[in-house]
Amino acid sequence: MTCAVRESGGGWRCAGVRWPREVPELGWSRGGDRRVSVLAYGTGLGFRAVGERHCVGARGNVCPLGAVVPGRSTGGRCAECARLDRAHSVAADTMADDPRTYRVYLAWFGPGMVKVGITGEERGAARLREQGAVAFSWLGRGPLMAARRTEEVLRAALGVPDRIPYAKKRAVRGQLPGPEERAGAVAELYARAAALEGRGWPESLERLPLEVVDQVGVFGLDRAPDADADADADADPAPGRSVREGGTAPGRSVRESAPAPVRAVRELVDGGVVAGRLVAAAGPDLHLAVADGGVVVLDTRLITGWDLTAVTRATGATEVTGSDVRVPLIDIGGGGVQGGLF
């Protein structure tokens with residue numbers, strides 16, 4: 001799989017990973033046009049960043065300034081576009097008259113990492129996949145302000161945060177406990193939350209029954225990467241195209257199947273290369289098996305706004321293989337920066 005942006009017509013920029021269904025997709029934009037490429041575990045992915053990174057705009061609109069933004073920014077927006085995007089989000093509490101139904105969820109990301117949040121009912125579990133929630137359960141449904149009030153009550157009473165940094169999620173993703181322990185953690189949180197019904201819980205919020213949804217399989221975290229697999233897969237996820245499905249490793253625990261990623265991409269740079277075989281994905285993160293046998297995490301929020309070209313076999317005196325990472329990396333968990341470009 002190759003991010004052949006220019007080869008597919010030119011001007012397309014990657015918009016990051018999306019999860020409208022139980023398979024990850026790469027979004028692409030060119031002006032007002034939008035396309036997607038469906039990803040599949042076990043296939044190769046590779047690209048080279050070219051030039052400078054530009055603001056991705058806000059709410060589907062192109063940045064009027066065409067501003068250059070920092071490579072390490074996960075938002076990928078200039079200050080003005082970030083303000084406009086935030087002003088129209090549910091989190092900004094500027095949509096009190098929103099007529100849609102919302103759901104309150106309880107999400108588990110790893111031992112000791114739980115949160116409560118809300119999402120539009122019509123979106124289903126897309127928000128949970130976007131956040132990389134390993135397991136979750138719905139708690140209730142109702143109008144926006146009732147859902148928001150319940151969210152605030154639960155955060156205060158249960159002492160859970162409204163967000164968990166992705167760095168913490170990555171640090172535990174390769175060492176998750178078994179499915180019974182994951183389900184038990186969600187059930188325990190649900191019981192604590194349900195006990196608060198009638199104590200600050202709005203009457204207009206309908207409580208939903210406990211039903212734990214485990215997403216380890218959806219994210220590919222139960223797969224065993226095949227050491228002999230060819231990272232130079234010839235599938236090409238140009239905008240609007242799909243790639244073939246990879247294999248699976250049924251019946252394995254997370255610890256047995258998914259090697260813990262130890263490094264993550266810190267930022268892209270002009271001429272930097274990222275290429276490997278996709279073995280898992282969670283939230284915005286793509287887990288790529290690379291030549292040294294390890295797994296590198298690419299946060300796709302870092303690739304928005306870049307011009308990406310297909311990785312070629314050779315560029316001048318530099319040979320590029322199908323498994324190659326030549327951008328700054330950081331250690332997952334330790335926070336140390338690996339020296340130089342890899």
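Any value given below was found using the heavy atoms of this structure, including those in side chains, with hydrogens, waters and symmetry copies removed. Predicted model only: the values in this text are computed from it and were never measured.
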Could you check whether Tyr190 and Trp108 have their ring centres less than 6.0 Å apart?
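Trp108 vs Tyr190: aromatic centres not under 6.0 Å.
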For a 4.5 angstrom cut-off between non-hydrogen side-chain atoms, does [X] reach [Y]?
X      : Y      : result
Ser73  : Arg53  : yes
Leu278 : Leu288 : yes
Phe47  : Val274 : yes
Val17  : Leu286 : yes
Val69  : Arg77  : no
His287 : Val279 : yes
Arg277 : Leu45  : no
Pro328 : Val269 : yes

Within a reach of under 6.0 Å around [atom1] of [X], are more than 12 heavy atoms found that belong to other residues, nucleotides or ligands?
X      : atom1 : answer
Glu121 : CD    : yes
Glu122 : CD    : yes
Glu52  : CD    : no

Given 3.5 Å as the limit, does a donor-acceptor pair link the side chain of [X] with the main chain of [Y], or not?
X      : Y      : result
Lys115 : Asp162 : yes
Ser204 : Ala146 : no
Arg59  : Leu84  : no
Arg129 : Arg21  : yes
Arg192 : Leu158 : yes
Asp285 : Val297 : no
Arg182 : Pro177 : yes
Lys169 : Gln131 : yes
Tyr41  : Phe219 : yes
Arg263 : Val296 : no

I need the minimum non-hydrogen distance between Leu139 and Ala193, along with the two atoms involved.
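Residues Leu139 and Ala193, closest heavy atoms: CD2-CB, 3.9 Å.
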Show the nearest heavy-atom pair for residues Trp306 and Val50, with the distance to one decimal.
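Result for this residue pair: CE3-O, 3.9 Å.
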Please report the interatomic distance [atom1]([X]) to [atom2]([Y]), rounded to the nearest 0.5 Å.
X      : Y      : atom1 : atom2 : value
Tyr166 : Thr74  : OH    : OG1   : 9.0 Å
Arg48  : Asp324 : CZ    : CG    : 8.5 Å
Asp98  : Arg148 : CG    : CZ    : 11.0 Å
Thr150 : Met145 : OG1   : CE    : 11.0 Å
Leu26  : Leu308 : CG    : CG    : 9.5 Å
Leu196 : Arg207 : CG    : CZ    : 10.5 Å

Ion pair present between [X] and [Y], side-chain N to carboxylate O less than 4.0 angstrom?
X      : Y      : answer
Arg141 : Glu206 : yes
Asp307 : Arg13  : yes
Arg170 : Asp299 : yes
Glu130 : Arg123 : yes
Arg155 : Glu152 : no

Applying the 4.5 Å side-chain criterion to the ILVMFWY set and letting contacts propagate, would Trp138 and Val213 be lumped into a single cluster?
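Result: yes, single cluster for both.
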For Val327, the option from Leu298, Val273, Val265 that meets side-chain contact (heavy atoms from CB on, under 4.5 Å)
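In the set Leu298, Val273, Val265, the residue that makes a side-chain contact (heavy atoms from CB on, under 4.5 Å) with Val327 is Val265.
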Qualifying residue for side-chain contact (heavy atoms from CB on, under 4.5 Å) with Leu106, from Val212, Leu189, Val114:
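Among Val212, Leu189, Val114, the one meeting side-chain contact (heavy atoms from CB on, under 4.5 Å) with Leu106 is Leu189.
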Answer yes or no on whether Arg35 is positioned over the face of Trp28, meaning its NZ or CZ is under 6.0 Å from the six-membered ring centre and within 45° of the axis.
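Verdict for Trp28: no cation-pi partner in Arg35.
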